[in-house]
There are 2 protein chains.
Amino acid sequence: MRIGELAARTGTTTRTLRYYESRGLLPARRDDLGHRTYDEGDVKLLRQIRTLQDFGFDLEETRPFVECLRAGHPEGDSCPASLAVYRRKLAELDALIGELQAVRATIAVRLASTDGEPPLCELGGQEL
Amino acid sequence: MRIGELAARTGTTTRTLRYYESRGLLPARRDDLGHRTYDEGDVKLLRQIRTLQDFGFDLEETRPFVECLRAGHPEGDSCPASLAVYRRKLAELDALIGELQAVRATIAVRLASTDGEPPLCELGGQEL
DNA sequence: CCTTGCCTTGACGTCGGCGTCAAGCCGTAC
DNA sequence: GTACGGCTTGACGCCGACGTCAAGGCAAGG
């Protein structure tokens, strides 16, 4: 299949596919007209990339998964390099979620101490 | 005080201060040499901006807080517009944290199902 | 006098992941 | 013939919050 069809089938754009190719992530064969051609394997690679992107992985982080699939594994996360990325991501997520929750709590306190009703709570409000 | 001193005192850079001014967030007076001058009030405004930035607010979102301080309020979040931003931010944070936790859980499951030890768990692993 | 240091404005660079436009080739339908 | 649709490469645009470089002014110190 050609680039337009692949884009349509995976909900992306031709621009995105060419960009991935420029990054060496999704190289394409060429037909006699010089047009890019793809097969079902590429569909799978692309779906893997998109799934990880949706998870917040950046492009470089998807590379081990793509290479794992290209190496013949049925799943992109069957390889040590992919699992390493998973572990790094878990740590990043835990750190980030923790920070966001701290910020959330801080804002909630500020809101509660300034908000509508009088101080019928015991949040240690310092007349802020 | 001049721009260099303000930057040093607040842990930012002169470039950042000029940028804030260009955004209309932190206008400066000028001395007879055309140099920017600031006072203690500006230190307070700047600290407010930086605090919110650290919380993940973008510059535009800090504007109501700055204007609130400039309007004479002792705290930047004493004004309705600031509280509205707080509430929007809380909602955004809740949504984001939820998504991140979902991603975290998904990754954790994938890790557990491919990782080291044999399937001594009951996560419904489909031989992935 | 000359250097050093702080200031000024202006403008281009950065990062990620593409969007969008331009110019041109190719095959097919009318 | 020609219009159209899909493909090609190349290159600039975008967003946010600045970093960095360039060229120049002004004052104090040796």
Side-chain angles (χ1 to χ4, degrees), chain A residues 1-39 42 45-66 85 88-89 92 96 99-100 103, chain B residues 1-39 42 45-66 85 88-89 92 96 99-100 103:
Chain A
M1 99 197 68
R2 289 182 306 175
I3 195 169
E5 188 182 344
L6 178 57
R9 281 186 55 183
T10 54
T12 75
T13 66
T14 59
R15 179 67 181 91
T16 297
L17 299 183
R18 287 191 199 101
Y19 176 65
Y20 289 172
E21 181 174 358
S22 78
R23 305 274 81 197
L25 211 57
L26 191 66
R29 278 110 283 169
R30 302 300 182 114
D31 64 14
D32 53 351
L33 287 175
H35 291 180
R36 293 171 176 82
T37 60
Y38 303 89
D39 57 24
D42 293 316
L45 294 184
L46 189 46
R47 287 200 207 286
Q48 173 75 80
I49 296 172
R50 291 266 109 192
T51 299
L52 294 175
Q53 288 267 84
D54 290 344
F55 282 0
F57 287 51
D58 56 46
L59 265 191
E60 275 315 306
E61 290 177 323
T62 72
R63 195 179 297 275
F65 296 80
V66 173
V85 173
R88 267 199 306 115
K89 213 63 187 177
E92 281 177 24
L96 180 56
E99 289 172 20
L100 293 180
V103 169
Chain B
M1 98 196 69
R2 290 182 305 177
I3 194 169
E5 188 182 345
L6 178 57
R9 280 187 54 183
T10 55
T12 76
T13 65
T14 59
R15 178 67 181 94
T16 296
L17 298 183
R18 281 190 268 263
Y19 176 65
Y20 289 172
E21 181 174 358
S22 79
R23 305 273 80 197
L25 211 57
L26 190 67
R29 277 111 284 167
R30 301 300 180 114
D31 64 16
D32 52 351
L33 287 176
H35 292 179
R36 292 171 177 82
T37 60
Y38 303 89
D39 57 24
D42 293 316
L45 294 183
L46 189 46
R47 287 200 207 285
Q48 172 75 81
I49 296 173
R50 293 265 107 190
T51 298
L52 294 176
Q53 288 268 85
D54 289 345
F55 282 181
F57 287 52
D58 57 46
L59 265 191
E60 274 315 306
E61 290 176 323
T62 72
R63 195 179 295 276
F65 296 81
V66 174
V85 173
R88 267 199 306 113
K89 214 62 187 178
E92 281 177 25
L96 181 55
E99 289 172 19
L100 293 180
V103 169

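As the structure is a prediction and not an experimental result, all values here were calculated from the model. Order of the sequence lines sets the chain letters (A, B, ...), proteins ahead of strands, with each chain counted from 1.
What you find for A/T16 and A/R50 is that their closest heavy atoms are CG2-NH2, 3.7 Å. Scanning all heavy atoms of the two residues, the minimum distance from B/D31 to B/L33 falls at OD1-N, 2.8 Å. When all heavy atoms of A/L17 and A/A7 are compared, the closest pair comes out as CD1-N, 3.7 Å. Shortest non-hydrogen contact noted between A/G4 and A/T14 is CA-CG2, 4.0 Å. The two residues A/R23 and A/L59 come nearest to each other via the heavy atoms CG-CD1, 4.2 Å. For B/Y38 against B/I3, the heavy-atom pair with the smallest separation is CE1-CA, 3.7 Å.
Non-hydrogen atoms lying under 4.0 Å from DNA chain C are contributed by A/T13, all within residues 7-14 of chain A. Interface residues of residues 54-62 of chain B facing DNA chain C, ordered by number: none; criterion, heavy-atom separation under 4.0 Å.
Considering only side-chain N and O atoms, A/R2 lies nowhere under 4.0 angstrom from the phosphate OP1 or OP2 of D/dG6. For A/Q53 and C/dC18, the shortest distance from a side-chain N or O to OP1 or OP2 is below 4.0 Å. Residue A/R18 places at least one side-chain N or O closer than 4.0 Å to OP1 or OP2 of D/dT8. A/R36 has a side-chain polar atom (N or O) that falls below the 4.0 Å cut-off from OP1 or OP2 of D/dT9. The phosphate of D/dG19 (OP1 or OP2) has no side-chain N or O of B/Y19 nearer than 4.0 angstrom. Phosphate contact (OP1/OP2 of D/dA17, side-chain N/O of B/Y20, threshold under 4.0 Å): absent.
A salt bridge links A/D39 to A/R29: at least one charged side-chain nitrogen sits closer than 4.0 Å to a carboxylate oxygen. Taking a cutoff of 4.0 Å between a charged side-chain nitrogen and a carboxylate oxygen, B/R63 and B/E60 qualify as a salt bridge. A salt bridge is defined here as a Lys NZ or Arg NE, NH1 or NH2 lying under 4.0 Å from an Asp or Glu carboxylate O, and B/K89 with B/E92 meets this definition. The pair B/D42-B/R9 fails the salt-bridge criterion, with no side-chain N (NZ, NE, NH1 or NH2) lying under 4.0 Å from an Asp/Glu carboxylate O.
C/dC7 atom P lies 10 Å from atom CG of B/L17, rounded to whole Å. What separates OH of A/Y38 from C1' of D/dT8 is a distance of 12 Å, to the nearest Å. Per the geometry, CG belonging to B/D32 stands 13 Å off C1' belonging to D/dG25, to the nearest Å. Summarising the geometry, the separation between CZ on A/R50 and P on C/dG17 is reported as 10 Å, rounded to the nearest angstrom. The distance from atom CG of A/L6 to atom C1' of D/dG6 is 15 Å, rounded to the nearest whole Å. Atom-to-atom, CG of A/L52 to P of C/dG17 comes out at 12 Å; the value is rounded to the nearest Å. Summarising the geometry, the separation between CZ on A/R23 and P on C/dC15 is reported as 11 Å, rounded to the nearest angstrom. One atom, CG of A/L26, and another, P of C/dC18, lie 12 Å apart when rounded to the nearest Å.
A distance of 12.0 Å separates CG in B/L26 from CD in B/Q48, rounded to the nearest 0.5 Å.
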In 5'-to-3' order, the base (B), backbone-only (S) or no-contact (-) status of each nucleotide in nucleotides 20-26 of chain C, using a 4.0 angstrom heavy-atom cut-off, is B-----S

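Minimum atom distance to the side chain of A/T16 is reached by C/dG19, of the listed C/dG17, C/dG19, D/dT9.
Checked by atom type, the side-chain pair B/T51/B/R47 shows no donor-acceptor distance below 3.5 Å.
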